[in-house]
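For reference, the structure discussed in these notes is given below.
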Amino acid sequence: MGSVPRDRWRGDFSRWFDWVIEEAEVYDYGRYPIKGMGVWRPYGFQIRRRVLDVVRELHDSRGHEEVLFPLLIPEDLLRREAEHIKGFEGEVYWVTHGGLEPLDVKLALRPTSETNITYYESLWIKSYKQLPKKYYQIVSVFRYETKATRPMIRLREVTTFKEAHTVHDSFEDSERQVLEAIEIYRELFERLGIPYIISRRPEWDKFAGALYTIAFDTIMPDGRLLQIGTAHNLGQNFTKALDFKIQLADGTLEYPWQTSYGVSDRVVAALIAIHGDDRGLALPPSIAPIQVVIIPIPGGSEEDKARVLAESRSVADTLRSSGIRVVVDEREDVRPGAKYYHWEARGVPVRIDVGLEEVGAGTLTIARRDTLEKLKIPRERLLEELRTMFKDIEENLKERALNFMRSMITRADTMDEAEKWASEKRGLLEMPWCGREECARTVEERLEVKTIGTPWPPEDAPGRRCPLCGAPAITIVRYAKTY
RNA sequence: GGGGCCGUAGUCUAGCCUGGCUAGGAUGCAGGGCUUGGGCCCCUGUGGUCCCGGGUUCAAAUCCCGGCGGCCCCA
């Protein structure tokens with residue numbers, strides 16, 4: 001198989017990412033006069049929309065109902081759950097004025113929507129018979145990030161926050177719901193070819209107001225971890241805080257149990273980062289806004305040009321009528337080579353070259369984006385070949401991404417090994433752990449990493465010892481540098 | 001939270017240290033010619049609040065202060 005260089009992709013990922021979102025016209029960042037806010041451009045918007053199509057499909061098919069809540073949350077409502085507000089307080093944007101008048105009650109730009117959604121659930125849901133209830137919305141949320149912001153990865157306005165909120169009549173059912181959330185995200189990331197690691201976040205890094213948090217992370221080309229999805233069991237924390245009770249089968253009143261889970265723009269960022277290379281994007285055919293681009297290569301005479309163009313359009317029609325998203329690049333003042341680079345940067349999975357040679361022989365030359373391999377095929381086999389090629393590309397991207405992620409995971413049993421890892425390599429480090437925060441914190445300091453959490457499903461570490469205190473390890477624990 | 005680097009045309013960038021000429025180049029964009037199987041070539045043109053505000057100076061892209069914004073490293 002052919003391969004495309006990934007030197008820039010891997011060696012200078014931050015610059016590569018900035019370059020690719022500009023070059024492929026995905027996202028305009030750094031020019032908006034407010035820190036941490038960017039613009040989805042038409043092509044990027046289409047990629048985002050196709051990702052969201054999958055997100056919606058996965059939620060709808062499992063009984064989730066899409067809703068839309070207001071952006072503003074009054075201060076007293078946001079403050080109801082003590083831990084929750086403690087966790088978010090430092091990064092809430094407040095609306096303090098209406099026109100020239102100071103407001104009596106400050107209004108928060110939602111950093112997340114547990115509080116206002118729970119408030120409405122308490123109005124709508126009275127009985128266990130209405131449960132489980134699963135809502136979701138896809139909205140902007142705002143967080144006043146003080147750290148360095150990054151396009152699509154650390155934003156002050158997260159423009160694509162899919163947040164699901166569910167209600168249950170027992171703790172057990174909320175536990176089942178967390179499993180369903182995990183299944184939804186597994187499927188989402190599999191469909192996008194994004195490899196992932198599932199961890200239970202340590203106590204000190206769980207969602208503010210949750211009993212616990214399960215997180216999906218992926219490893220970026222520079223070896224840093226990117227959180228791409230989270231699922232929280234909220235227990236009764238919010239229902240108690242908002243005095244939301246339901247009637248159970250035995251007639252008693254009880255606070256229901258809740259979960260919430262979310263993904264964001266980061267899913268698109270991961271899609272772009274994980275599959276890209278030095279030429280630009282490489283999109284899975286199922287997501288690519290344009291699946292096939294046809295490049296006519298005109299011959300000398302006017303007559304030849306006309307034949308080539310006619311054939312190009314005819315091929316496009318064939319594909320279009322089979323539901324394939326196709327574009328013919330008919331620009332006359334751009335040479336074929338320049339067009340190749342143009343569409344490669346945009347990650348179009350398959351290119352078809354149509355020149356005099358092809359017209360004469362009744363063949364087509366098709367080139368795949370992931371490997372840049374070219375193939376000559378008889379025209380009548382086109383649809384078949386494409387179908388196979390789409391599948392191959394999808395699988396190849398996925399496998400390449402998975403191999404990369406695997407190569408970035410290291411296991412160590414001693415601090416010596418761990419320190420060696422820290423000095424030579426990056427990525428994810430897995431070590432045995434006694435379970436004490438103090439030991440994990442020491443590792444964080446010595447290796448300059450963050451505790452990612454423990455494996456989900458849980459994984460014990462029989463016969464192994466915590467490399468710090470020497471106590472028997474009760475689990476594996478993960479460390480990495482993060483975004 | 002701490003430290004460092006940086007901000008010049010749509011994009012990339014020279015000039016800044018050592019203040020002074022019409023802010024130069026590449027790319028892009030527009031027009032023309034020639035071409036078209038991996039970023040052709042030539043001609044002409046277009047595009048600048050030198051991030052913003054203040055200060056120093058006869059004179060500021062350049063020096064100083066503040067702000068805004070971006071990147072990197074460390075916590």
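Because only heavy atoms are used, hydrogens play no part in the values below, and waters and symmetry mates are left out as well, while side chains stay in. Every chain is numbered from 1 and lettered A, B, ... according to where its sequence line falls, protein lines coming before strand lines.
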Could you state the interatomic distance from [atom1] ([X]) to [atom2] ([Y]), rounded to the nearest 0.5 Å?
{"X": "A/W40", "Y": "A/M152", "atom1": "CH2", "atom2": "CE", "value": "4.5 Å"}
{"X": "A/I393", "Y": "A/L386", "atom1": "CD1", "atom2": "CG", "value": "8.5 Å"}
{"X": "A/W16", "Y": "A/D222", "atom1": "CH2", "atom2": "CG", "value": "11.5 Å"}

Whether [X] contacts [N] is assessed here as follows: a side-chain N or O lying under 4.0 Å from the phosphate OP1 or OP2. Is that the case?
{"X": "A/R150", "N": "B/C72", "result": "yes"}
{"X": "A/S14", "N": "B/C72", "result": "yes"}
{"X": "A/K339", "N": "B/G39", "result": "no"}

May I ask you to say what [X] touches in the nucleic acid, namely base, sugar-phosphate or nothing, with a heavy-atom cut-off under 4.0 Å?
{"X": "A/I295", "value": "nothing"}
{"X": "A/E344", "value": "base"}
{"X": "A/E23", "value": "nothing"}
{"X": "A/G36", "value": "sugar-phosphate"}
{"X": "A/P296", "value": "nothing"}

Who is the Watson-Crick or G-U wobble partner of [N], with both distances under 3.5 Å?
{"N": "B/U35", "answer": "none"}
{"N": "B/C71", "answer": "B/G4"}
{"N": "B/C12", "answer": "B/G25"}
{"N": "B/G19", "answer": "none"}
{"N": "B/C63", "answer": "B/G55"}

Pairwise [atom1] distance for [N] and [M], with rounding to whole Å:
{"N": "B/U46", "M": "B/G10", "atom1": "C1'", "value": "12 Å"}
{"N": "B/A23", "M": "B/A61", "atom1": "P", "value": "10 Å"}
{"N": "B/G31", "M": "B/G67", "atom1": "C1'", "value": "44 Å"}
{"N": "B/U44", "M": "B/G7", "atom1": "P", "value": "32 Å"}

Check every atom of [options] against the side chain of [X] and return the nucleotide holding the closest atom.
{"X": "A/T149", "options": "B/C74, B/C40, B/G70", "result": "B/G70"}
{"X": "A/R279", "options": "B/U36, B/G38, B/C40", "result": "B/G38"}
{"X": "A/I297", "options": "B/C71, B/U36, B/G38", "result": "B/U36"}
{"X": "A/R224", "options": "B/U36, B/G69, B/C73", "result": "B/C73"}
{"X": "A/Y29", "options": "B/G70, B/C74, B/C72", "result": "B/G70"}
{"X": "A/K374", "options": "B/U11, B/G38, B/G70", "result": "B/G38"}
{"X": "A/K481", "options": "B/G37, B/C74, B/C40", "result": "B/C74"}

Do the numbers put [X] on top of the ring of [Y], so that NZ or CZ is under 6.0 Å from the six-membered ring centre and no more than 45° off the axis?
{"X": "A/R201", "Y": "A/F207", "value": "no"}
{"X": "A/R156", "Y": "A/Y144", "value": "yes"}
{"X": "A/R351", "Y": "A/W343", "value": "no"}

Can you check the [X] [atom1] to [N] [atom2] distance for me, whole Å?
{"X": "A/R335", "N": "B/U35", "atom1": "CZ", "atom2": "C1'", "answer": "6 Å"}
{"X": "A/D333", "N": "B/G39", "atom1": "CG", "atom2": "P", "answer": "16 Å"}
{"X": "A/D18", "N": "B/U11", "atom1": "CG", "atom2": "C1'", "answer": "13 Å"}
{"X": "A/K450", "N": "B/C74", "atom1": "NZ", "atom2": "P", "answer": "16 Å"}
{"X": "A/D222", "N": "B/C72", "atom1": "CG", "atom2": "C1'", "answer": "12 Å"}
{"X": "A/L155", "N": "B/G69", "atom1": "CG", "atom2": "P", "answer": "14 Å"}
{"X": "A/H342", "N": "B/U36", "atom1": "NE2", "atom2": "C1'", "answer": "17 Å"}
{"X": "A/I34", "N": "B/G67", "atom1": "CD1", "atom2": "P", "answer": "19 Å"}

request  = Record whether the side chain of A/E358 comes under 3.5 Å of the base of B/G37 through a donor-acceptor pair of N or O atoms.
outcome  = yes

key: Heavy-atom donor-acceptor pair, A/R31 side-chain to B/G70 base, under 3.5 Å   = no

inquiry  = Walk me through whether A/I219 and A/D217 qualify under side-chain contact (heavy atoms from CB on, under 4.5 Å).
reply    = CA-CA 7 Å; A/I219 305 179; A/D217 297 290; over 6 Å; no

message = So that I can tick it off, tell me whether A/K391 and A/E394 are bridged by a salt bridge, with the cut-off set at under 4.0 angstrom between side-chain N and carboxylate O.
response = no

query = Toward the 5' end of RNA chain B, which comes first, A/E445 or A/A148, by nearest nucleotide?
reply = A/A148

message = Between A/R156 and A/K376, which residue's closest nucleotide on RNA chain B lies nearer the 5′ terminus?
response = A/K376

ask   = Stacking check: are the rings of A/Y341 and B/G39 less than 5.5 Å apart at their centres and under 30 degrees in tilt?
value = yes

